[in-house]
Amino acid sequence: MLLQDFARDINPHQAYRIKKLKRQLETAESYEEWKDIALKIDEESGAQEWKLDNRSPYFDAEIIAYRLSFLKRYRAQKRTRDLMYMLSEGLTYDIANIAHPLLFSVTYVGTKKIIEDYVAEVSEGLAFIASEQCECLTVQEKIAFFKQSQKAFGQPALMFSGGATLGLFHTGVCKALMEQDLMPKVLSGSSSGAIMTAMLGVSKPSAFMEILKGQNFYSEAFRFRKLSDLLKGNGGLADVRYLKKFLMENLGDMTFAEAQQASGLNINIAVAPYDASQDARIMNAYTSPDLLVWSAALASCAVPILFPPVRLTSKRYDGEYTPYMAATHWVDGSVRSDFPQEKMARLYNINYTIASQVNPHIVPFMQDEVSRFRKDMLSWPERIIRRQGKVITKGVMDFARERVGKVPPVRRLLDHGYGVVDQLYYGNVNIVGNHSLRHYSYMLQNPRPYLFKILQREGERATWPKISLIEIHARVGKTIQHCLELLNYQNAPDQQHAEYIAI
């Protein structure tokens with residue numbers, strides 16, 4: 001993918017140095033080390049020169065150049081009202097298509113310099129309005145402007161897929177994002193991703209990095225049932241009691257509403273009714289505030305055949321445990337809603353999503369950004385096969401459901417299969433595990449320190465190439481958040497004084 005546009009300009013000596021640097025990149029022990037090597041590769045390959053060329057079919061450089069010049073002028077001349085007007089009309093992370101994935105596929109670090117300059121100038125303009133240099137606005141007016149800006153810009157969400165023990169990969173993704181202060185406040189998870197979401201969701205922010213060290217994950221949560229129990233015909237292949245015990249010990253008896261208060265995170269866990277005629281749901285502090293987090297995580301991990309369907313449990317206002325929709329049984333959320341993007345977008349004003357994908361039945365079929373977005377004629381055969389293959393598969397399943405609909409177990413299996421095929425498994429930013437045959441042997445193992453270390457490091461390494469992309473997407477939103485926090489802090493003494501006078 002990289003260097004393809006520059007190969008003809010590289011001499012053998014440069015090619016040797018680039019190959020050597022790539023080997024070093026694969027053994028980097030931290031993001032700082034990885035970034036330093038990656039920048040050297042960009043320099044050697046000529047990709048840094050590409051950054052200085054504004055020409056590209058993927059974004060409108062004229063719009064960005066026009067807006068950049070006016071934003072600089074208004075800030076330098078302290079024309080606050082004009083600056084606010086210009087900022088407000090362009091508060092979106094993908095204005096003029098600057099977030100197109102192919103703009104981030106040529107270099108290891110960063111993108112076109114004009115895009116980086118534009119995002120930096122928007123942040124500088126926002127910081128100026130919040131600062132004491134901006135004297136024509138009151139603190140209250142500034143707060144109102146930044147609240148409106150926060151709504152307009154939106155916020156990101158991080159989504160964790162299922163994948164059994166391979167879900168330990170998600171801890172590496174979280175670790176890499178937290179170290180760069182890029183962790184979103186909205187999280188979703190299904191199956192093993194639900195455990196990752198829940199672990200963070202019930203914890204205080206000061207404990208996040210401690211959780212990612214892995215001690216809480218070492219457990220005998222997975223154990224096959226005895227043959228004699230299987231012959232009785234009840235339950236699945238694995239004993240759900242061990243998983244339930246693990247979840248209750250680590251997640252306590254917090255409800256979603258209590259978890260939101262404790263962690264400051266908006267966590268969402270995807271579950272699906274066992275009756276496949278009903279839509280999948282996401283459980284969170286808005287849709288199910290009294291539902292116990294461990295109960296939702298257990299349901300989301302109830303992979304059909306492996307675990308039996310489960311009931312959900314709520315905690316009443318007096319602390320009493322009560323059934324949640326007592327007549328309904330629930331199964332693994334990834335069956336029909338691995339990444340519940342649309343539902344979260346409505347609840348949390350999501351502007352872009354980061355997807356951490358390790359599902360073993362999905363990863364082998366995932367495409368990188370270049371393969372997904374290229375439009376040349378050579379890409380047509382694969383695109384046609386993928387699209388038509390999905391349509392044909394869904395058609396066959398529909399036909400089969402009509403013919404065997406009277407046999408509930410078969411109909412239910414086909415319904416779940418249809419849900420798996422019909423989903424969208426991509427986010428705006430995709431962090432995907434690089435699976436080999438060895439990984440499939442990890443799937444049903446109980447987490448152990450050596451396995452945790454392997455999969456966490458894989459998650460970190462998969463995240464590092466995405467950091468500069470996420471930084472550019474997140475910078476304006478983080479600036480708005482920090483400015484609003486500063487202004488609210490400055491306004492607090494005034495509010496306290498006004499309340500004192502009123503008394």
Side-chain angles (χ1 to χ4, degrees), residues 155-163 167-178 181-217 219 221 243-244 246-271 280-302 310 312-315 324 330 332-334 337-341 343-345 347-350 353-356 447 456 459:
Q155 63 178 325
L158 174 58
M159 308 179 297
F160 302 115
S161 76
L168 295 175
F169 175 95
H170 301 318
T171 66
V173 175
C174 292
K175 184 171 181 286
L177 292 176
M178 285 184 185
D181 191 26
L182 292 172
M183 189 72 176
K185 297 291 185 182
V186 180
L187 309 178
S188 80
S190 59
S191 196
S192 61
I195 298 177
M196 183 74 258
T197 300
M199 287 277 202
L200 295 174
V202 301
S203 306
K204 293 181 179 179
S206 58
F208 288 169
M209 292 306 291
E210 188 64 29
I211 289 172
L212 296 179
K213 291 180 180 178
Q215 296 299 324
N216 299 61
F217 293 91
S219 171
L243 178 60
K244 182 177 180 180
F246 164 75
L247 293 172
M248 293 182 73
E249 287 177 350
N250 283 280
L251 303 178
D253 67 344
M254 275 197 185
T255 64
F256 277 94
E258 291 168 343
Q260 187 181 53
Q261 290 292 320
S263 66
L265 299 175
N266 293 297
I267 61 169
N268 302 265
I269 292 178
V271 297
R281 293 184 58 181
I282 53 171
M283 302 304 188
N284 53 48
Y286 296 118
T287 62
S288 50
D290 301 318
L291 181 64
L292 289 162
V293 176
W294 69 257
S295 175
L298 180 65
S300 193
C301 290
V310 300
L312 292 173
T313 306
S314 291
K315 186 169 70 172
Y324 180 93
W330 305 82
D332 179 5
S334 65
S337 188
D338 204 28
F339 292 153
Q341 302 181 56
K343 295 176 181 178
M344 288 197 300
L347 284 172
Y348 302 106
N349 190 26
I350 302 301
T353 55
I354 305 168
S356 178
Q456 183 178 75

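For the single chain, residues carry numbers from 1 onward in sequence order.
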Between [X] and [Y] (side chain of the first, backbone of the second, donor and acceptor by atom type, cut-off under 3.5 Å), is there such a pair?
{"X": "S356", "Y": "F169", "result": "no"}
{"X": "S263", "Y": "A259", "result": "yes"}
{"X": "N268", "Y": "L187", "result": "yes"}
{"X": "Q456", "Y": "L212", "result": "yes"}

Give every residue pair that meets the salt bridge (Lys or Arg N to Asp or Glu O under 4.0 Å) criterion with at least one member in residues 191-211, sequence neighbours excluded. E210-K213
Report the distance from atom [atom1] of [X] to atom [atom2] of [Y], rounding to the nearest 0.5 Å.
{"X": "L243", "Y": "I195", "atom1": "CG", "atom2": "CD1", "result": "5.5 Å"}
{"X": "Q341", "Y": "I282", "atom1": "CD", "atom2": "CD1", "result": "11.5 Å"}
{"X": "F256", "Y": "D290", "atom1": "CZ", "atom2": "CG", "result": "11.5 Å"}
{"X": "R281", "Y": "S288", "atom1": "CZ", "atom2": "OG", "result": "6.5 Å"}
{"X": "N216", "Y": "I211", "atom1": "CG", "atom2": "CD1", "result": "6.0 Å"}
{"X": "L291", "Y": "I269", "atom1": "CG", "atom2": "CD1", "result": "8.0 Å"}

Who pairs with [X] by salt bridge (charged side-chain N to carboxylate O under 4.0 Å, His left out), at least two apart in sequence or on another chain?
{"X": "K175", "value": "E179, E460"}
{"X": "D253", "value": "K315"}
{"X": "K185", "value": "none"}

Write down the atom of [X], the atom of [Y], and the distance for their closest heavy-atom approach.
{"X": "C301", "Y": "S191", "answer": "SG-O, 3.4 Å"}
{"X": "Y286", "Y": "N284", "answer": "N-OD1, 2.9 Å"}
{"X": "L312", "Y": "A299", "answer": "CD2-CB, 3.6 Å"}
{"X": "S190", "Y": "S300", "answer": "CA-OG, 3.3 Å"}
{"X": "H170", "Y": "M196", "answer": "CB-CG, 3.8 Å"}
{"X": "F208", "Y": "S203", "answer": "CE2-O, 3.5 Å"}

Give the intermediate values and the outcome of side chain to side chain contact (heavy atoms under 4.5 Å, CB included) for residues Q260 and N266. CA-CA 6 Å; Q260 187 181 53; N266 293 297; 2.4 Å; yes
Go through the structure and list residues passing side chain to side chain contact (heavy atoms under 4.5 Å, CB included) with I350, not counting sequence neighbours. Q155, A157, V186, M344, A345, Y348, T353
Output all residues satisfying ring pair (Phe, Tyr, Trp, His ring centres under 6.0 Å) with Y324, sequence neighbours left out; order by chain, then residue number. none
Heavy atoms, side chains only, cut-off 4.5 Å: are L200 and M183 in contact? yes
Can you find a pair of side-chain heavy atoms, one from L168 and one from P447, that are under 4.5 Å apart? yes
For W294 and V202: C-alpha separation, side-chain torsions, deciding distance, then whether side chain to side chain contact (heavy atoms under 4.5 Å, CB included) applies. CA-CA 10 Å; W294 69 257; V202 301; over 6 Å; no
Run the numbers on L347 and T287 for side chain to side chain contact (heavy atoms under 4.5 Å, CB included), then give the verdict. CA-CA 9 Å; L347 284 172; T287 62; 4.2 Å; yes
